[in-house]
Amino acid sequence: MADFAQAQKLVYLVTGGCGFLGEHVVRMLLQREPRLRELRIFDLHLGSWLEELKTGTVQVTAIQGDVTQADEVAAAMAGAHVVIHTAGLVDVFGRASPETIHEVNVQGTQNVIEACVQTGTQFLVYTSSMEVVGPNIKGHPFYRGNEDTPYEAVHRHPYPCSKALAEQLVLEANGREVHGGLPLVTCALRPTGIYGEGHQIMRDIYHQGLRLGGRLFRAIPASVEHGRVYVGNVAWMHVLVARELEQRAALMGGQVYFCYDKSPYKSYEDFNMEFLGPCGLRLVGTRPLLPYWLLMLLAVLNALLQWLLRPLLLYAPLLNPYTLAMANTTFTVSTNKAQRHFGYEPLFSWEESRTRTILWMQAKDSVAQ
Ligand SMILES: NC(=O)C1=CN([C@@H]2O[C@H](COP(=O)(O)OP(=O)(O)OC[C@H]3O[C@@H](n4cnc5c(N)ncnc54)[C@H](O)[C@@H]3O)[C@@H](O)[C@H]2O)C=CC1
Ligand SMILES: C[C@@H](CO)CCC[C@@H](C)[C@H]1CC[C@H]2[C@@H]3[C@H](O)CC4=CC(=O)CC[C@]4(C)[C@H]3CC[C@]12C
């Protein structure tokens, strides 16, 4: 018992710990990081589920705070050994202004870095995104690429721009001296499109299908491949990176890693049908029912309507020129860098990831009825 208590010595902070990915990271840390003494969960909105975590041997501290407020971040971080920074504004639908996206994603990340330096927190794991690379504004395909594949990463949309800037800040901060004289060790993880329990966009698409009489209409050619990764495996990668950063600082510091697993390469819509099919939805058409130019016209109309209605209400449908371009551009990764650098293997097989996601969809579904 005394040995166990002694082994529990580390303090972790997870920003955005109540979000879709953040919750999985929090739960994974509690299950798979035996050296944890205290887990701090920092988020703008705290979930009531946190209460159920407070009964174990690890001290769970919920902190309601805003990453854009430097003093709040520094106060939360004092005494922490590791910070996993997943907090972010994920908005490709025009819900938030570009300024707000920048403030949360870029200034928020800068605040986390400065807080590390100020308080002496030596290890920083940043949740970046595949969007830092692409798809780019030219719609160039990225086919089974890895971290070293050349690609023209040029963006205009506020979300990928903010993630790219924030990632750059994190990587440049690697090696900075933190309070106490030790070097900061940072690295960035780039998930592709994450799916799994808690995935709100999947729920939105499901409800759209229900409104259309249990049908979805194919809009994207089946040949366009989209990278997807299960949330449990993304969380596992964060936990592993955080664990290994100290021992492998020279190798891993300042590095980027795509998050990958054994999820199949499919189009965005065909992949979603792996879960929506067993929930009773049908994807109509083997080829897109509307030509691309017409879809783009509808997407542009949506953007125009959003702009016109903005003074009155928030109109933010799934389809806009950016999301259409995203869904219609091949972007898949094939890499083993995480395996080579820190021994990552997916914790959940594709079959398990699929089953867990379906069970979550079905459970949610029965609650909703
Ligand atoms: N969902 C996806 O497919 C992907 C997400 N990512 C990245 O993963 C991270 C987590 O994304 P999700 O879990 O999907 O999003 P999410 O929206 O579910 O979670 C983000 C969390 O950050 C919190 N947050 C937002 N603004 C904050 C602020 N100012 N201060 C403190 N907390 C704040 C939110 O309350 C939320 O709990 C983000 O950084 C995102 O860019 C990367 C690749 C793919
Ligand atoms: C055109 C529609 C016809 O069915 C489908 C529209 C789907 C879009 C809403 C999604 C297509 C690709 C998604 C993005 C992608 O998975 C990569 C992402 C990475 C992130 O860091 C955040 C989320 C997202 C931007 C994700 C958002 C939803 C799509 C654009």
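Excluded from the calculations below are hydrogen atoms, water molecules and symmetry mates; all remaining heavy atoms, backbone and side chain alike, are included. Just follow the structure's listing: the first ligand is 1, and inside any ligand the first atom is 1. Quantities reported herein were computed from a predicted structural model and do not represent experimental measurements.
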Which segment of [X] sits under 4.0 Å of ligand 2 when only heavy atoms are counted:
X: E269; result: side chain
X: R228; result: neither
X: L319; result: side chain
X: I201; result: side chain
X: Y322; result: neither

[atom]: the protein heavy-atom neighbour that sits closest, reported with distance to 0.1 Å:
atom: atom 8 (C) of ligand 2; result: T323 CB, 4.0 Å
atom: atom 9 (C) of ligand 2; result: F93 CE2, 3.9 Å
atom: atom 7 (C) of ligand 2; result: Y268 CE2, 3.5 Å
atom: atom 14 (C) of ligand 2; result: M326 CE, 3.7 Å
atom: atom 23 (C) of ligand 2; result: V90 CG1, 4.0 Å
atom: atom 18 (C) of ligand 2; result: E131 OE2, 3.6 Å
atom: atom 5 (C) of ligand 2; result: A327 CB, 4.3 Å

Quick check on H226 - does any of its heavy atoms sit under 4.0 Å from an atom of ligand 2?
yes
Is ligand 2 less than 4.0 angstrom away from at least one heavy atom of Y159?
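Right, Y159 reaches ligand 2.
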Any N or O of [X] closer than 3.5 Å to N or O of ligand 1:
X: V104; result: no
X: I194; result: yes
X: M130; result: no

Within the 4.5 Å heavy-atom criterion, are V133 and Y151 side-chain neighbours or not?
yes
Interfacing atoms of ligand 1 (cut-off 4.0 Å, heavy-atom, V90)
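Those of ligand 1 that fall under 4.0 Å from V90 are 11 (O), 15 (O), 38 (C), 40 (C), 41 (O).
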Please could you name the atoms of ligand 2 that V92 approaches to less than 4.0 Å, counting only its heavy atoms?
25 (C), 27 (C)
Apply side chain to side chain donor-acceptor pair (under 3.5 Å) to the pair Q200 and D204, showing each step before the final yes or no.
CA-CA 6 Å; Q200 189 51 44; D204 293 346; 2.9 Å; yes
Hey, can you tell me if Y260 and Y344 have their rings parallel, tilted or perpendicular (30° and 60° cut-offs)?
perpendicular
Side chain, backbone, both or neither: the part of [X] lying under 4.0 Å from ligand 1 by heavy atom:
X: L44; result: both
X: K163; result: side chain
X: Y159; result: side chain

Option nearest [atom] (shortest heavy-atom distance, choices [options]):
atom: atom 7 (C) of ligand 1; options: C18, S129, S128; value: S128
atom: atom 44 (C) of ligand 1; options: T192, L46, T15; value: T192
atom: atom 36 (C) of ligand 1; options: V229, T68, T86, D43; value: D43

Distance under 6.0 Å and angle within 45° of the ring axis: does K266 meet both against F271?
no
Honestly, is R248 close enough over F342, meaning NZ or CZ under 6.0 Å from the six-membered ring centre and within 45° of the axis?
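Because its charged atom misses either the 6.0 Å distance or the 45° angle limit, R248 does not stack over F342.
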